[in-house]
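Single-structure report; data block below.
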Number of protein chains: 2
Amino acid sequence: MTGVVARDYAVRAVVRAARLLELLRASEGGAPLNELAASSGLAKASVFRMLRTLEGLGFVERPDGSDTYRLGVRCLELGQAYLEQTDLRREALPVLERLRDRFDETVHLGVLDDEYRVVYLEKLDSTQAVGIMMSRVGKTAPSHCTGLGKALLAARDGDPVGALVERGALRRYTPNTIHRPAELRRELTRITRRGYALDLEEHEPGVRCVACAIDGPSGSAVAALSIAGPAQRVAEESLRGELAAAAREAAREIGLRLGAARREVAS
Amino acid sequence: MTGVVARDYAVRAVVRAARLLELLRASEGGAPLNELAASSGLAKASVFRMLRTLEGLGFVERPDGSDTYRLGVRCLELGQAYLEQTDLRREALPVLERLRDRFDETVHLGVLDDEYRVVYLEKLDSTQAVGIMMSRVGKTAPSHCTGLGKALLAARDGDPVGALVERGALRRYTPNTIHRPAELRRELTRITRRGYALDLEEHEPGVRCVACAIDGPSGSAVAALSIAGPAQRVAEESLRGELAAAAREAAREIGLRLGAARREVAS
DNA sequence: GTACTGCGTTTCACACAATGAAACGAGACC
DNA sequence: GGTCTCGTTTCATTGTGTGAAACGCAGTAC
């Protein structure tokens, strides 16, 4: 899926609309017409029509009647509906809760989006040290330097590292960030072999975690979960040992539940 | 959808794509192609192309590779971005927190979407009796029988009640629901006059609340806040008295902060 | 005051993108 | 094997989305 759509199917106007929404998402607190026209590379008139269409649909709004466009409430409604509808989250929740309670560390559930970013679907906070991690449901994070991300990349077929390189996504966030393609590829094979991914302060300084991919009914990974905590509390040995084992077991259980849920629907 | 866009500007393909997303949102856990084709009234081939386009963009996904389409992660990302970008929420939060702490009752912040539904932007739970209300950030609720909704409808110009009638939205949820247009109109004038809206178990049995509209810099209402609690704890007199006063004051303060924030940006 | 500049808006003729009918193929069911 | 139903593909047609350019309206400079 390096192209936007499998075949040459692709309704151009819709792709363009999505591009504008993405620009608005990236832009802090909205952008004026001209800016969007410039950065999208489309004609001003086209952008104008698009934005007005999106505004009428609630995907975009202009505070009172000003000239700066920002994302609209409709986006929130859809996002919330997505969360409610995904059975992944529903099935995973009890398992994640047990995991959190057992170690009292922060637990995450996440997937990759089409840009190879990690998107958090669930976050269960540890009772200790709440708020040191900047993760949050719906937020995105880079995949090459997070536990969730690396676990999911390792489970992808094709050449995810290549895709990341193309996008110039291999930024360095901390001294530990693996930012060289070759090294990242080695790391991914290692992850596949041992069945879990580590993040040793590669994204946020002071935060370590262990993550495992969750296999869906079809056998391929549909999500991943992680257990994360402050570096001074979680030793690398415990990450590799007890925590990794617990994470793998939890991932396996969620996978089974997903299969069961699917079969139930089918019947 | 009495006219999706002001003039005749409206990119048809985008409007159609939005219609499909809305259908998926309403449908529990996804829908197959044929169903979407039927309920959207579009040709099967068109729906097919649309869905594939949306899938490529991440707005829609198919679990493994099945035939049922559901909303995709991209929706969640946008929704989260919307929440983070709106300065309404940012400015309101500290004020709402004070309000919640003062009475230890659940506090809401919400807006109307383009279909005249209430959308919750923030919910601060009371420490007592958590979970009796089904509200949640990003969820929608009817406007004619909620405090937030009525406060916002009352502040709208035009004929919001007429719009609700057209949509057949005046459903009855409890014996107390105001479902007659004429009566609702009277209620709205009453609300405008006294400056706050009540919900006396009109939406959820056992839940009462008082709500006030928040005026943005331009003077018109941009949102509303409410204080809600179980009927047996919050007496109607205290709703009309102490709580209403506190809600009005909080709404006023948020309005001022919004004005200030806007002016800051402008400078 | 005028000239200028930067913005959102509108117009318009053209081109080709999006469309839907219909044909196709795969799988399930009987 | 026949007959459904469903997703997929093809293809000719047309009307939709397009961008260049013109417009109008601010604000600013001078």
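Proteins get letters first, then strands, A, B, ... in listed order; numbering begins at 1 in each.
Between the side chain of A/Ser40 and the backbone N or O of A/Leu36, at least one donor-acceptor pair lies under 3.5 Å. Put simply, the side chain of A/Arg89 gets close to the backbone of A/Leu121: a donor and an acceptor are under 3.5 Å apart. In this structure a side-chain-to-backbone donor-acceptor pair under 3.5 Å is present from A/Gln85 to B/Ser27. Counting only distance, with no hydrogens or angles, the side chain of B/Glu77 and the backbone of A/Thr140 share no donor-acceptor pair below 3.5 Å. Side chain of B/Glu253 to main chain of B/Ala92: no donor-acceptor pair is present (N/O by atom type, distance under 3.5 Å, no hydrogens or angles).
Pairs engaging residues 26-48 of chain A under the salt bridge (Lys or Arg N to Asp or Glu O under 4.0 Å) rule: none recorded [sequence neighbours left out].
Summary of helix geometry: the two end axes of the helix from C/dG1-D/dC30 to C/dC30-D/dG1, each defined by five base pairs via their C1' atoms, are inclined to each other by 30° (rounded to 10°).
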Report, as a single string ordered 5' to 3', how protein heavy atoms within less than 4.0 Å touch nucleotides 13-19 of chain C: B base, S sugar-phosphate only, - not at all.
----SSB
Tabulate atom names and distances for all N/O pairs under 3.5 angstrom spanning the protein and nucleotides 3-6 of chain D.
| unit_1 | atom_1 | unit_2 | atom_2 | d |
| --- | --- | --- | --- | --- |
| D/dC6 | O5' | B/Asn34 | ND2 | 3.1 |

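A search for ring-ring contact (aromatic ring centres under 6.0 Å, His included) contacts involving A/Phe48 returns B/Tyr9, not counting sequence neighbours.
For A/Phe48 and D/dC23, the CZ to P distance is 18 Å, given to the nearest whole Å. In this structure, the CZ atom of B/Arg52 is 8 Å from the C1' atom of D/dT8, given to the nearest Å.
In this structure, the separation between CG on B/Leu24 and CG on B/Leu51 is 6.5 Å, given to the nearest 0.5 Å.
By the 4.5 Å heavy-atom criterion applied to side chains, A/Tyr173 and A/Pro142 are counted as neighbours.
Each of B/Ala45 and A/Leu42 was assigned the nucleotide of DNA chain D with the nearest heavy atom; the assignment lying further toward the 5' end belongs to B/Ala45.
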Pairs under 3.5 angstrom only: tabulate donor-acceptor contacts from the side chains of residues 147-160 of chain B to other protein residues two or more places apart or in another chain.
| unit_1 | atom_1 | unit_2 | atom_2 | d |
| --- | --- | --- | --- | --- |
| B/Lys150 | NZ | B/Glu187 | OE2 | 2.7 |
| B/Lys150 | NZ | B/Leu198 | O | 2.7 |
| B/Lys150 | NZ | B/Glu202 | OE1 | 2.7 |
| B/Lys150 | NZ | B/Glu202 | OE2 | 3.3 |
| B/Asp159 | OD1 | B/Gly162 | N | 3.1 |
| B/Asp159 | OD1 | B/Arg185 | NH2 | 3.1 |
| B/Asp159 | OD2 | B/Gly162 | N | 3.4 |
| B/Asp159 | OD2 | B/Arg185 | NH2 | 3.4 |

